[in-house]
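One-based numbering, in listed order, for ligands and for the atoms of each. Not measured: the values here are computed from a predicted model.
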Amino acid sequence: MIGAGAAGLMCAIEAGKRGRRVTVLEHSPEVGRKILISGGGRCNFTNLHTRADHFLSDNPHFAKSALARYRPADFIGLLERYAIPYHEKTLGQLFCDRSARDVVALLQEECAAAGVRIVTACTVQSICRDQDYQLETSAGPFSCASLVIATGGLSIPKIGATPFGYAIARQFGLRIVECRPALTPLLFNRQDAARFDGLAGVSTTVDATSGGRTFREKMLFTHRGLSGPAILQVSSYWRPGEPVIIDLLPGLDLIRPEGERIEIRTLASRLLPKRLADRWFELHGGSKPLTQVSDRELDDISAALHNWCFVPQATEGYEKAEVTAGGVDTAELSSKTFEAKKAPGLYFIGEVVDVTGHLGGFNFQWAWASGYSAGQYV
Ligand code: FDA
């Protein structure tokens, strides 16, 4: 295995349990670094509602087989065997009660029990194939019948992400679906940066829509743009130049109250954070008493709040993205074994493959499921 992250360690454990002689090569000084920083340090390790429609891929069916073979309940069972406490935060998202370190320690113990050898701080210099795969590395040469690439995506390069997996795929003639940052905040264009200056920290529930998908969750104004779960989710579907349609009043409406003498801004601030309502009316011709707002005008104001057409300048990029969308084209791989059709004995699992989960534990579930599945065959 190359890469001691979620997918690589799971695959190593499963292959080790089958009596295979397994070595994991990791270029960082420690294993599972991304697991350690995940979920704010508590690792959102799975989602109870995992289904294939929580994943993006050029082939939306590819993930189904692995997700059916290794389910959230399987990983929960593993955690419970180690008496690791966890809780459901919201929407089926399971987090460790204590720390993501519990998950990494579990994987390390399972590796030890399965006789898996882990070599950290190891650089792979070259890979070639004759009968077997031959690797030149900083820890010496290795030879193997099965080589698993589990080097993850491009997000957060400062903790060890590299394009290594994609380079190996290309070396063996495998197609790559173009990579892009996903689950990432979106940046204001210059005009919006001025219009929404000073709102950092304001948060409200919205429907955010792009690329045909809508997410109803919290949105957060930042100093540079928009973030929060609704925006991270929709960023995976957003393409440069396209708008994100934001409904600031999801499922709500501005209704004229009987017998109250208030301003339109006050009415809106009953449904929106006050700072946002104040700014909205500053930007849209000012506030006035409701008595001076016709029914038609009230409908127009309501419609504008339901349909804010936000055109981001860009995403925050791989520095802030939780995952990389795109990757090794699933058409090149078996959905059952993860073996490359053009290169027998070469496997790709986890985030390096063109399967990207929504926010909420789905990406780890994909790493466990793809690692488990390949681990039955390598
Ligand atoms: P992963 O990135 O885990 O592992 C790849 C390994 O390969 C790393 O150890 C890396 O150092 C190593 N490697 C890379 N290049 C190499 C090379 N050339 N040679 C040797 N080794 C190499 N998901 C989720 O479901 N719930 C969550 O709570 C979160 N939270 C979260 C927070 C943050 C800040 C980020 C950035 C990401 C998340 N994610 C997440 C996403 C999740 O972390 C990610 O999808 C999985 O870790 C992917 O698992 P992999 O094993 O495929 O890659």
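Inclusion of G39 in the set of residues having an N or O under 3.5 Å from an N or O of ligand 1 is warranted. Residue I349 has no nitrogen or oxygen atom sitting less than 3.5 Å from a nitrogen or oxygen atom of ligand 1, judged on distance alone. Not one N or O of F164 is nearer than 3.5 Å to an N or O of ligand 1, by distance alone.
For atom 7 (O) of ligand 1, the nearest protein heavy atom (residue, atom name, distance) is G3 CA, 3.2 Å. For atom 53 (O) of ligand 1, the nearest protein heavy atom (residue, atom name, distance) is G152 CA, 3.4 Å. E26 OE1, 3.4 Å is the protein heavy atom nearest to atom 8 (C) of ligand 1. In this structure, atom 2 (O) of ligand 1 lies nearest to the protein heavy atom K34 CD, 3.6 Å. The protein non-hydrogen atom at the shortest distance from atom 26 (N) of ligand 1 is N44 O, 2.9 Å. The protein atom (non-hydrogen) at minimum distance from atom 22 (C) of ligand 1 is H27 CD2, 3.3 Å. In this structure, the protein non-hydrogen atom closest to atom 38 (C) of ligand 1 is E322 OE1, 3.6 Å.
Between D74 and R71 there is no salt bridge, since no side-chain N of the basic residue sits under 4.0 Å from a carboxylate O of the acidic one. Under the 4.0 Å criterion applied to side-chain N and carboxylate O atoms, K288 and E297 are assigned as salt-bridge partners. Salt-bridge check for E14 with R69: failed, with every basic side-chain N at 4.0 Å or more from each acidic carboxylate O. Contact check on D295 versus R256 returns a salt bridge, with a Lys/Arg side-chain nitrogen under 4.0 Å from an Asp/Glu carboxylate oxygen.
The option from F45, F95, F364, W366 that lies nearest to atom 47 (O) of ligand 1, judged by heavy atoms, is F364. Between G360, A150, S38, G160, it is S38 that holds the heavy atom closest to atom 32 (C) of ligand 1. Among C122, A321, G5, the residue whose heavy atom sits closest to atom 1 (P) of ligand 1 is G5.
A heavy-atom separation below 4.0 Å is found between I156 and ligand 1.
Near I37, the atoms of ligand 1 lying under 4.0 angstrom from a non-hydrogen atom of the residue are 34 (C). Per-residue contacts place V323 under 4.0 angstrom from the following atoms of ligand 1 (heavy atoms of the residue considered): 41 (C), 45 (O). Contact atoms of ligand 1 toward G350: 52 (O) (distance under 4.0 Å to a heavy atom of the residue). For ligand 1 and F362, the ligand atoms under 4.0 Å from any heavy atom of the residue are 25 (O). Below 4.0 Å from some heavy atom of E351 lie the following atoms of ligand 1, by number and element: 44 (C), 45 (O), 46 (C), 48 (C), 52 (O). Each of the atoms 23 (N), 25 (O), 45 (O) of ligand 1 lies under 4.0 Å from some heavy atom of N363. Ligand 1 places these atoms under 4.0 Å from at least one heavy atom of S28: 11 (O). Below 4.0 Å from some heavy atom of I2 lie the following atoms of ligand 1, by number and element: 19 (N), 20 (C).
Under 4.0 angstrom from ligand 1, there are no non-hydrogen atoms of V352. Within the 4.0 Å heavy-atom criterion, both parts of A7, backbone and side chain, lie near ligand 1. Counting heavy atoms closer than 4.0 Å to ligand 1, residue T151 contributes atoms from both its backbone and its side chain.
Applying the ring-ring contact (aromatic ring centres under 6.0 Å, His included) rule to pairs touching residues 198-218 yields F215-Y237, F215-H358, sequence neighbours excluded.
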